[in-house]
Amino acid sequence: PVMCRTLNNMASGYILNRGALIIGLHYQRVCRNILLSQVREKKRWMKAYTYLMAKKLKLEGPPPPKLRSQQPNWDYHAEVQAFGIRLHEDFSLELLKTAFINPCYLQVEQERRLGLGVDSETTALTLEDNIDLSKTGVSFTRSFLTDFCKASFPNLPREAVDSIVRHLTSSELVAHVARNLGIEDLTMSAECPVPDDVLHSTLMAVIGALLESSGADMNGGKDLFDMWTVVNPMGLLVEELSKRNIPLPEPRLTRSGGASTVLPLYFVGLYSDKKLLAQGPGETLVAAEEEAARVALRKLYGYTENRIPFDFSQKQPRQQPLIHSGDRRGR
């Protein structure tokens, strides 16, 4: 009996080992078939090509930018026409095309044509630059902004009005507006990307083209002291109050916090005839006093932060009542 049990155990172990071996071989065969049947998402040559392109980009740098007009799928006439429609303005198409032509573009284009070996009479350009339109636009813009500031803020001094107009007509701000209007893509310039001064003159030329097309009867978030630099706000406040026969301001510390820390905060109020004119914060007493003077100046000039925003929308004509007051009285 012992020998029989031993033989049975050996037979059972052999069968189990054989079964495990068969299952393992079958699993390897299935896995091998799965691995061989997989398809690579990228070609083998893509790795070398990507490496060479990355190395070339690192050595040569990014390619130079191109004007939109030099890229495919570009219809200049349709784009210029769509520009006026997008702004809801009635432009003369010829004047608008002239507004986008800068003198630097005409000069470079003339030199390029002469470099082809053609005589000057044949290569002569019949295009007109935007110099006259730009001058008209600059003159009208400055005059309009000056009149607008004087009408909206009659208490502002002349220096403040001039500073605001200079800020609104600066090259950086006008170029930023021009890029957001899509003028950079339509500008015909010798350089790419288009410089700020060229964008400035182009936008002014567009305004001049609109002025000559539609006439002057058209619709025309910076802080005041971001555009107008005042060195001594307290001295200016004293001068303005003296002109208005108002008692001079008296600064008083209204409250403070963190005086013994690295970030102290003081609030200074300016009182005139026992009435609070304004108050302002600051890290020092002098800074808080200057900020309070600026707040008081904003109130005097009507340039407060909570003022009603300007309404540049088109004014709708007032509708006449269907029944007049006389008709009501008669009835």
Side-chain angles (χ1 to χ4, degrees), residues 28 30-87 93 96-131 133-134 137 167 169-207 209:
Q28 291 180 359
V30 171
C31 293
R32 187 184 300 111
N33 293 336
I34 293 176
L35 294 175
L36 293 177
S37 62
Q38 289 181 350
V39 179
R40 295 173 61 90
E41 295 182 358
K42 294 183 179 180
K43 302 297 182 181
R44 294 183 179 274
W45 55 266
M46 182 62 69
K47 181 178 180 180
Y49 176 77
T50 305
Y51 172 76
L52 291 177
M53 290 296 101
K55 187 176 181 180
K56 180 180 179 182
L57 179 63
K58 185 177 180 180
L59 293 175
E60 300 180 0
K66 288 185 179 181
L67 294 172
R68 183 63 183 87
S69 57
Q70 299 177 359
Q71 300 179 17
N73 301 324
W74 177 254
D75 189 344
Y76 188 74
H77 177 80
E79 293 292 339
V80 173
Q81 190 173 13
F83 175 80
I85 297 175
R86 187 169 68 250
L87 296 184
L93 195 58
L96 186 57
K97 287 183 176 181
T98 304
F100 291 118
I101 302 175
N102 290 276
C104 58
Y105 169 78
L106 295 180
Q107 181 180 358
V108 171
E109 184 66 17
Q110 186 70 21
E111 294 176 356
R112 186 186 68 82
R113 294 189 178 190
L114 291 176
L116 297 176
V118 187
D119 57 291
S120 58
E121 295 182 358
T122 306
T123 60
L125 293 173
T126 58
L127 300 177
E128 183 180 359
D129 56 41
N130 60 1
I131 293 180
L133 289 176
S134 181
H167 172 77
T169 57
S170 61
S171 179
E172 295 80 6
L173 183 60
V174 174
H176 175 74
V177 175
R179 289 190 177 94
N180 283 273
L181 290 177
I183 292 180
E184 186 176 16
D185 293 336
L186 298 173
T187 301
M188 303 182 73
S189 172
E191 300 181 38
C192 183
V194 183
D196 288 351
D197 56 340
V198 177
L199 282 176
H200 178 276
S201 61
T202 305
L203 180 54
M204 292 296 113
V206 170
I207 296 175

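Numbers for residues simply follow the sequence, beginning at 1. Note that these values count all heavy atoms, side chains included, but never hydrogens, waters or copies made by symmetry.
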State, to 0.1 Å, how close Val206 and Phe83 come at their nearest heavy-atom pair, and which atoms those are. CG1-CE2, 4.0 Å

Verify, without hydrogens or angle tests, whether His200 (side chain) and Thr169 (backbone) share a donor-acceptor contact under 3.5 angstrom. yes

As an exercise, state the distance from CG of Asp185 to CH2 of Trp74, rounded to the nearest 0.5 Å. 5.5 Å

Separation between CG of Leu181 and NE2 of His176, rounded to the nearest 0.5 Å: 9.5 Å

Without swapping roles, check the side chain of Ser170 against the backbone of His167 for a donor-acceptor pair under 3.5 Å. yes

Under 3.5 Å: donor-acceptor pair, side chain of Thr50, backbone of Met46: yes

Pair Leu57, Met53 - check side chain to side chain contact (heavy atoms under 4.5 Å, CB included), show working. CA-CA 6 Å; Leu57 179 63; Met53 290 296 101; over 6 Å; no

Salt bridge (charged side-chain N to carboxylate O under 4.0 Å, His left out) involving Arg112 - partner list, sequence neighbours excluded: Glu109

Check step by step if side chain to side chain contact (heavy atoms under 4.5 Å, CB included) holds for Lys97 and Ile101. CA-CA 7 Å; Lys97 287 183 176 181; Ile101 302 175; 5.5 Å; no

Rounded to the nearest 0.5 Å, how far apart are CE of Met188 and OG1 of Thr98? 10.5 Å

Output every pair passing salt bridge (Lys or Arg N to Asp or Glu O under 4.0 Å) with a member in residues 74-84, not counting sequence neighbours, ordered by first then second residue. none

Taking atom OH of Tyr76 as the centre, report whether more than 12 heavy atoms of other residues, nucleotides or ligands fall under 6.0 Å from it. yes

Looking only at heavy atoms, what is the nearest atom pair of Asn102 and Asp129, with distance? C-CB, 4.4 Å

Phe100 vs Thr202, test: side chain to side chain contact (heavy atoms under 4.5 Å, CB included). Steps then yes/no. CA-CA 6 Å; Phe100 291 118; Thr202 305; 3.7 Å; yes

For the student: nearest non-hydrogen atoms of Asn130 and Ala99, plus distance: ND2-O, 2.9 Å

Whether Ser134 side chain and Ser201 backbone form a donor-acceptor pair below 3.5 Å: yes

Taking all non-hydrogen atoms of both residues, which atom of His77 and which atom of Leu93 are closest, and how far apart? CE1-CD2, 3.1 Å

Using side chain to side chain contact (heavy atoms under 4.5 Å, CB included), reason through Val174 and Leu199 one step at a time and then give a plain yes or no. CA-CA 8 Å; Val174 174; Leu199 282 176; over 6 Å; no

Could you give all pairs that pass the salt bridge (Lys or Arg N to Asp or Glu O under 4.0 Å) test and reach residues 187-199, with sequence neighbours left out? Arg179-Asp196

Got Ser171 and Pro195 here, is their nearest side-chain heavy-atom distance under 4.5 Å? no

